[in-house]
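This report concerns only the one structure given below.
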Amino acid sequence: MASVTFDKVYKRYGNNVVVNNLNIDVADKEFLVLVGPSGCGKSTSLRMLAGLEEISDGEIRIGDRVVNNVAPKDRDIAMVFQSYALYPHMTVYDNMAFGLKLRKTPKQIIDQRVREAAKSLGIEHLLDRRPRQLSGGQRQRVAVGRAIVREPAVFLMDEPLSNLDAKLRVEARSFISKLHQRLETTFIYVTHDQVEAMTMGTRICVLSAGELQQVDTPFNLYHNPRNKFVAGFIGSPAMNFMNATLKEDGANLTVDTGVMQITVPAKKAEPFRTHVGKKVVFGIRPEDIHDAEYQPPGITPAPIEANVDVVEQMGNEMILYLEQGGMNFIARTDPRTRARVGGRIQMVMDLDNMHIFDSDTELSLSYDFKQRDPGGAKTR
């Protein structure tokens with residue numbers, strides 16, 4: 001078992017900086033997810049840790065050992081690739097045993113590890129088959145099994161579920177989470193899918209354009225985003241953003257979007273007073289915009305009326321695409337909502353969960369460095 005440290009790590013291709021001053025501490029036995037859009041540097045970061053890409057600057061440590069110049073085979077890591085990278089001419093057994101054979105592990109130990117891993121993954125009946133005879137989900141388990149038998153200090157996974165259909169992805173997420181709990185080993189997992197990140201990670205590292213935006217628990221990323229990018233990337237559908245001006249009306253603060261005037265609840269106003277008279281971005285998540293008829297109790301409501309452009313009936317909820325005065329936004333509402341395309345509807349925003357960002361820096365004006373999630377994990 002081992003911790004992992006990225007210490008001021010850079011990756012450059014000529015003048016193009018792909019990873020820019022990456023600093024992450026991954027605790028022993030942690031499940032850390034690197035998430036972000038395509039091209040953000042997450043896979044490159046994982047490949048530098050694996051030794052498949054050279055580091056331009058900085059230091060990577062596994063445990064207390066600097067591994068910058070250590071060959072991949074000597075880093076005590078195992079990697080599961082997006083394509084699974086199985087040898088098509090080998091059986092499942094031989095695919096899983098291949099790495100141990102290269103290490104000249106005794107045959108008896110190889111057989112024991114392969115069969116134990118296959119049993120734990122539910123693929124012991126597939127050991128004599130070849131990859132072309134397997135489904136996508138079965139291939140994924142074989143690739144994971146090949147990593148397990150090596151008993152590495154760190155597991156690296158590079159978008160291992162991206163080739164699976166929606167149903168299998170849900171099953172595989174649960175499977176990998178349970179695997180982490182059983183093995184009690186450090187996992188570092190790369191994905192562009194924020195749902196995967198939120199459901200699997202102990203902590204999540206959000207990257208954009210090669211730069212670290214925030215490292216935090218899923219709870220804090222959702223409720224306490226550091227900036228507009230994190231707020232918009234985490235959550236589905238994404239947070240609604242509205243350009244606005246922050247104004248003072250006596251003792252009250254008002255967010256003026258030009259279409260709506262939203263009074264900031266007094267209990268939330270203090271962090272925003274430094275930006276009175278300035279341009280800001282108001283943010284509200286779709287799940288915090290409710291049909292006025294079915295608004296939950298105990299919220300601080302802001303009433304709005306909007307035109308209904310699109311209705312998506314999901315069964316357990318309804319997604320509404322709304323428009324008011326040329327401003328578009330999305331609501332995630334009670335399934336009983338009586339919305340009709342082309343009609344108007346009374347809605348309320350839950351201002352207890354509103355966000356305001358600086359228009360220039362895009363930093364949250366209420367980001368709390370001390371906020372804790374219910375599990376006690378502190379924001380870093």
Side-chain angles (χ1 to χ4, degrees), residues 4 24 26-27 29-38 40 42-43 45-46 49-50 77-86 96 117-123 126 131 134-149 152 154-207 214-223 230 233-238 285 287 314-317 332 373-375 377:
V4 172
I24 311 173
V26 187
K29 302 180 183 178
E30 184 172 11
F31 195 131
L32 182 85
V33 179
L34 304 180
V35 68
S38 298
C40 71
K42 56 188 185 295
S43 289
S45 300
L46 196 75
L49 173 57
I77 55 96
M79 189 161 179
V80 179
F81 295 90
Q82 180 178 353
S83 63
Y84 310 140
L86 301 177
M96 293 175 66
K119 184 177 180 180
S120 71
L121 298 172
I123 55 173
L126 304 175
L134 306 178
S135 68
Q138 290 169 337
R139 288 177 196 160
Q140 185 248 350
R141 293 192 179 210
V142 174
V144 171
R146 183 174 56 188
I148 290 175
V149 297
V154 182
F155 280 93
L156 309 181
M157 297 190 173
D158 189 6
E159 304 208 35
L161 310 186
S162 60
N163 294 327
L164 303 182
D165 62 38
K167 183 175 183 293
L168 275 178
R169 285 172 76 99
V170 173
E171 294 176 0
R173 285 204 309 262
S174 174
F175 158 69
I176 292 175
S177 294
K178 290 177 182 177
L179 182 67
H180 172 252
Q181 295 167 16
R182 187 169 77 246
L183 297 179
E184 296 186 330
T185 307
T186 306
F187 276 50
I188 301 180
Y189 186 103
V190 161
T191 181
H192 66 276
D193 185 335
Q194 55 95 15
V195 175
E196 274 182 33
M198 293 290 282
T199 55
M200 298 172 72
T202 310
R203 282 191 305 149
I204 301 170
C205 170
V206 183
L207 295 168
Q214 188 172 346
V215 183
D216 221 321
T217 62
F219 180 90
N220 275 341
L221 284 176
Y222 181 88
H223 292 282
V230 174
F233 191 81
I234 299 298
S236 179
R285 293 195 182 278
E287 48 269 40
M314 310 295 287
N316 66 326
E317 63 184 5
R332 192 173 177 179
D373 73 9

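For reference, positions follow the sequence shown, starting with 1.
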Does a side-chain heavy-atom distance below 4.5 Å link Ile24 with Leu34? yes
Looking at residues at least two apart in the chain, or sitting in another chain, which of them share a side chain to side chain contact (heavy atoms under 4.5 Å, CB included) with Ala147? Ala78, Val80, Phe155
Just so I know, are the side chains of Val4 and Leu32 near enough to count as touching, which here means a heavy-atom distance under 4.5 Å? no
Pairwise distance CG(Leu49) to CD1(Ile188) - rounded to 0.5 angstrom: 5.0 Å
With sequence neighbours left out, what residues match Thr191 under side-chain hydrogen bond (donor to acceptor under 3.5 Å, both in side chains)? Glu196
Contact summary for Tyr189 and Pro160, nearest pair of heavy atoms: CE1-CG, 3.5 Å
Quick one: closest heavy-atom pair of Ile204 and Pro218, and the distance? CD1-CG, 3.9 Å
Can you sort out the partners of Gln140 under side-chain hydrogen bond (donor to acceptor under 3.5 Å, both in side chains), two or more places apart, ordered by chain and number? none
Heavy-atom donor-acceptor pair, Lys42 side chain to Gly36 backbone, under 3.5 Å: yes
Could you tell me which residues satisfy salt bridge (Lys or Arg N to Asp or Glu O under 4.0 Å) with Asp158, sequence neighbours excluded, listed by chain and number? none
Would you verify whether the NZ or CZ of Arg285 falls within 45 degrees of the ring axis of Tyr222 while also being under 6.0 Å from that six-membered ring's centre? yes
Is there a side-chain contact between Val230 and Asp216 (heavy atoms, below 4.5 Å)? no
Sequence neighbours excluded, the answer for side chain to side chain contact (heavy atoms under 4.5 Å, CB included) partners of Gln194 is Met198, Phe233, Ile234, Ser236
Exam field: side chain Thr186 to backbone Lys29, donor-acceptor pair closer than 3.5 Å: yes
Residues forming a side-chain hydrogen bond (donor to acceptor under 3.5 Å, both in side chains) with Ser174, sequence neighbours excluded: none
Supply the atom-to-atom distance Ser45 OG to Leu207 CG, rounded to the nearest 0.5 angstrom. 6.0 Å
Taking side chain to side chain contact (heavy atoms under 4.5 Å, CB included) as the test, write out the residues that go with Val170, two or more places apart. Arg173
Exercise: identify the closest heavy-atom pair between Ala50 and Met79: CB-SD, 3.8 Å
Closest approach of Pro152 to Ile77 (non-hydrogen atoms, all atoms of both residues): CB-C, 3.8 Å
Do Arg169 and Val195 have side chains that approach each other closer than 4.5 Å (heavy atoms only, starting at C-beta)? no
Might you point out which heavy atoms bring Gly201 and Val33 nearest each other, and give the distance in Å? CA-CG2, 3.6 Å
Which residues share a side chain to side chain contact (heavy atoms under 4.5 Å, CB included) with Ser135, sequence neighbours left out: Gln138
Results of side-chain hydrogen bond (donor to acceptor under 3.5 Å, both in side chains) for His180 - residues two or more places apart only: none
Roughly how far, to the nearest 0.5 Å, is OG of Ser162 from NE2 of His192? 7.0 Å
Arg203 (side chain) donor-acceptor with Glu30 (main chain) under 3.5 angstrom: no
Output the distance between atom CG (Leu156) and atom CZ (Phe187), rounded to the nearest 0.5 Å. 10.0 Å
Quick check: do Ile176 and Phe31 have side-chain heavy atoms less than 4.5 Å from each other? yes
Is there a side-chain contact between Leu134 and Arg141 in this structure, where contact means two heavy atoms from C-beta onward sitting under 4.5 Å apart? no
How far does CZ of Arg146 sit from CG of Leu121, to the nearest 0.5 angstrom? 13.0 Å
State, with a plain yes or no, whether a side-chain heavy atom of Val142 is found less than 4.5 Å away from one of Met96. yes
